[in-house]
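First up is the structure itself, then whatever we jot down about it.
Heads up: numbering here begins at 1 and tracks the sequence.
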Amino acid sequence: MNWFSILSFVLILLAIYFYSYTKSKNVDKKDTEGYFLGGRSLVGTTVGMSIIMTNLSTEQLVGQNGQSYVAGMEVMAWEVTAAIAIVLCAWVFLPKYFKYGVNTISDFIEVRYDTTTKRIVSILFMFTYVVSFMPVVLYSGSLIFNNIFNIEEYLGVSSMTSTVIISSCIGLIGVIYLFAGGLSLIAHSDAIYGVGLIVGGLAITVLGFITIGDNNFLNGVDRFVTESSNKLNAWGDITSDIVPWPTLFFGMLFNNLYFWCTNQMIVQKALAAKDLKEAQKGTMLVGFFKVCGAFFLVLPGIIAYNLFGSGMEMDLAYPALVNEVLPTWSYGIFGAVVFGAIMSSFIGSLNATVTLFSLDFYKPIINKRADNRETARMGRTLTIVIGVMVTAIAPFISLFPQGLFAVIQEFNGLYSMPLLAIILIGFYSKKTSAFGAKAAFVFHVITYSLSKVLIPEIHYLYVWSVLFFVDLAIIYIFSVARPEKLDFEFDKYTSKTDLTPWKHSKWIGALILLTVVVMYTVFSPLVLAK
């Protein structure tokens, strides 16, 4: 650690904060719409970068690169195939959400099913955010910070103690950030951090190639392709522990549709756009980003394999690579960018959790007389409470041997498939069954939990591939056999928001889908892999 690194780190954070504060200060954060949805004022680029930064954090930098260190390019499925779901989100899901004028995903479920089903979904969202996603973000961030700034050595403490200290500091700053600025402040800072993280992430890849090429970039690329050809196949073996190739068309696709089209912390950023056109612009930007994400979320893990060989703990591969290739003078700059990534994901999920509790439980149940300002005030209080809880859980993530990224995915599996199923049926069927939706959730949670005990050797993506169709069948059968009394009238809902779609959304979406095909062709035995 040196003083230049510390000074540059602090100055960058302060500059971005003051920029974001200036851009967001006109939003009334004492009102629910201002605090939770940024006053519905965001434009496409801000929406896109905010979604990118909510999704992209150290659990991916560390987790996915850790998986690719072990398994190779098949890990890119989590990034590249996500673009398919993102295009469908822009084309199909967002127009429907905007039409109904909802603030949360659970609001839509209440419109199509009932209040109880809505609250079940909200509880499941909040549970997974608090127990898995936010703690993993804080823990993975502490790993990188410990490596960059040598906190463990500087303070003379153990690795676990340094993790507790770093995650506590990040959690505290994140809580203060959200408490003071709401979603608008976060979104504007994300626009800056997003650019920095893309540049910084690609810089690690470039520096990695230079390092394995003995200070020559082209030699490094040549060595990478020649010596790592066995890791350059994006089509994972049918028995792969990471991403078996048949699941690309089933479990992985269904998971991507859940995450990018029905996940509250992602969709909430799109719903904060000022109109449908800006929301679609933002999501298409995310689609292009996800295709390109493989170049700094997957390749560095394989570079680490070339540099260090096998035998390293997977979640230590990326921090070790950063520590090896990054010039000392740039530690503060890269640290600030990584800090922004941690903050964005942590605050984005924290904001989603607070929004769900405040709008779905506090206002309608706990304090029915609360006005918008009182509800927003409760949200700020809850921000502190949940932030403290998550910070306390973060160090225990080190106990999960399957890797950081897998922890999040497997937790999401508790509810992701039935949630996607009930939303799809809600979009297109005039008949729905609230009882059927509840039955699907209960069936899925029990069956999926049992699968982790009874058939642990079966990859969870295979389990999702089957359970999604079963969940869909349960909801459909109940909707036909035991529907609600009246058919749903789709046309009775109107929105004050401009629902004019972006005129370029079709051809840009098609271009994104074509790029996905190209990526899977290049990283296959047809081109680079052996």
Side-chain angles (χ1 to χ4, degrees), residues 74 77-78 81-82 84-85 88-89 92-93 105-106 108-109 112-113 116-118 120-129 131-133 236 238-264 266 400 402 405-429 432-482:
E74 66 183 86
W78 295 107
T81 64
I84 300 171
L88 292 175
C89 180
V92 179
F93 287 77
I105 297 299
S106 54
F108 174 77
I109 292 171
R112 288 305 341 259
Y113 295 91
T116 302
T117 306
K118 164 188 177 176
I120 290 172
V121 171
S122 295
I123 289 171
L124 290 170
F125 269 137
M126 291 188 292
F127 174 75
T128 52
Y129 292 161
V131 173
S132 68
F133 185 80
I238 196 169
T239 59
S240 169
D241 293 331
I242 306 296
V243 184
W245 73 261
T247 64
L248 295 175
F249 305 99
F250 297 101
M252 178 64 78
L253 173 62
F254 303 149
N255 177 72
N256 284 333
L257 287 171
Y258 147 74
F259 187 85
W260 294 101
C261 305
T262 70
N263 188 348
Q264 174 63 24
I266 296 297
F400 291 86
Q402 66 268 51
F405 197 69
V407 171
I408 293 177
Q409 302 308 325
E410 294 190 48
F411 259 90
N412 287 344
L414 278 172
Y415 65 93
S416 55
M417 297 300 102
L419 174 61
L420 175 61
I422 66 173
I423 289 180
L424 288 175
I425 288 178
F427 279 170
Y428 298 107
S429 175
T432 56
S433 170
F435 183 82
K438 297 181 188 70
F441 272 114
V442 172
F443 165 82
H444 182 91
V445 170
I446 293 175
T447 306
Y448 180 67
S449 299
L450 287 175
S451 76
K452 305 304 294 180
V453 177
L454 300 178
I455 49 172
E457 69 278 5
I458 304 297
H459 198 287
Y460 61 90
L461 286 173
Y462 280 123
V463 176
W464 294 352
S465 300
V466 175
L467 286 183
F468 172 74
F469 290 109
V470 179
D471 295 336
L472 197 65
I474 291 172
I475 300 167
Y476 178 76
I477 290 170
F478 274 100
S479 297
V480 173
R482 189 177 172 179

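Every side chain to side chain donor-acceptor pair (under 3.5 Å) that S122 has, sequence neighbours left out, goes to S106, D360. Judged as a side chain to side chain contact (heavy atoms under 4.5 Å, CB included), and not counting sequence neighbours, the contacts of I242 are Q67, A71, E74, V75, S240. By the side chain to side chain contact (heavy atoms under 4.5 Å, CB included) test, F435 is found to be paired with S433, F478, R482, residues two or more places apart in sequence or in another chain being considered. Here L253 pairs with I84, L257 under the side chain to side chain contact (heavy atoms under 4.5 Å, CB included) rule; sequence neighbours left out. With sequence neighbours left out, T117 forms a side chain to side chain donor-acceptor pair (under 3.5 Å) with D114, K438. With sequence neighbours left out, the side chain to side chain contact (heavy atoms under 4.5 Å, CB included) criterion links I477 to no other residue.
Between atom CG of residue L124 and atom NE2 of residue H444 there is a gap of 9.5 Å, rounded to the nearest 0.5 Å. For the atom pair CG (N263) and CG (N256), the distance works out to 11.5 Å, reported to the nearest 0.5 Å. In this structure, CD1 on I423 lies 4.5 Å from OG1 on T262, to the nearest 0.5 angstrom. Interatomic distance, I123 CD1 to K118 NZ, rounded to the nearest 0.5 Å: 12.0 Å. For the atom pair M252 CE and F259 CZ, the distance stands at 12.0 Å (nearest 0.5 Å). Of the inter-residue distances, the one linking M417 atom CE with L472 atom CG reads 11.5 Å to the nearest 0.5 angstrom.
In this structure, the side chains of F254 and L467 stay at 4.5 Å or more apart for every pair of heavy atoms. Contact check for D471 versus F441: no side-chain heavy atoms found under the 4.5 Å cut-off. Within the 4.5 Å cutoff, side-chain heavy atoms of I238 are placed close to those of P246. Here the side chains of N255 and W78 are in contact, with some heavy-atom distance below 4.5 Å. The side-chain heavy atoms of F427 and F108, taken from C-beta on, include a pair separated by under 4.5 Å. N412 places none of its side-chain heavy atoms less than 4.5 Å from the side chain of F125. In this structure, V463 and T447 have side chains that are not in contact, with every pair of non-hydrogen atoms separated by 4.5 Å or more.
Each of I120, I422, T432 was compared with I109 under the side-chain contact (heavy atoms from CB on, under 4.5 Å) criterion, and only I422 meets it.
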Worked check of side chain to side chain donor-acceptor pair (under 3.5 Å) between Y415 and Y258: CA-CA 10 Å; Y415 65 93; Y258 147 74; 2.8 Å; yes
CA sep, side-chain torsions, deciding dist, call: I455, E457, side-chain contact (heavy atoms from CB on, under 4.5 Å): CA-CA 5 Å; I455 49 172; E457 69 278 5; 4.2 Å; yes
F468 and L424: CA distance, side-chain angles, deciding distance, side-chain contact (heavy atoms from CB on, under 4.5 Å) verdict: CA-CA 12 Å; F468 172 74; L424 288 175; 4.1 Å; yes
Test log, rule side-chain contact (heavy atoms from CB on, under 4.5 Å), inputs H459 and T247: CA-CA 9 Å; H459 198 287; T247 64; 5.5 Å; no
Stepwise side-chain contact (heavy atoms from CB on, under 4.5 Å) test for L414 and S449: CA-CA 7 Å; L414 278 172; S449 299; 3.8 Å; yes
Intermediate values then yes/no, ring-ring contact (aromatic ring centres under 6.0 Å, His included), Y448 and Y460: CA-CA 9 Å; Y448 180 67; Y460 61 90; 7.7 Å; no
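Heavy atoms of other residues, nucleotides or ligands lying less than 6.0 angstrom from CZ of F250 number 12 at most.
Checked by atom type and distance alone, the side chain of S479 pairs as donor or acceptor with a backbone atom of I475 at under 3.5 Å.
Across every non-hydrogen atom of I474 and G436, the tightest pair is CG2-O, 4.0 Å. Among all heavy-atom pairs drawn from A85 and W260, the shortest one is CB-CB, 4.2 Å. What you find for Y113 and A437 is that their closest heavy atoms are CD2-CB, 3.9 Å.
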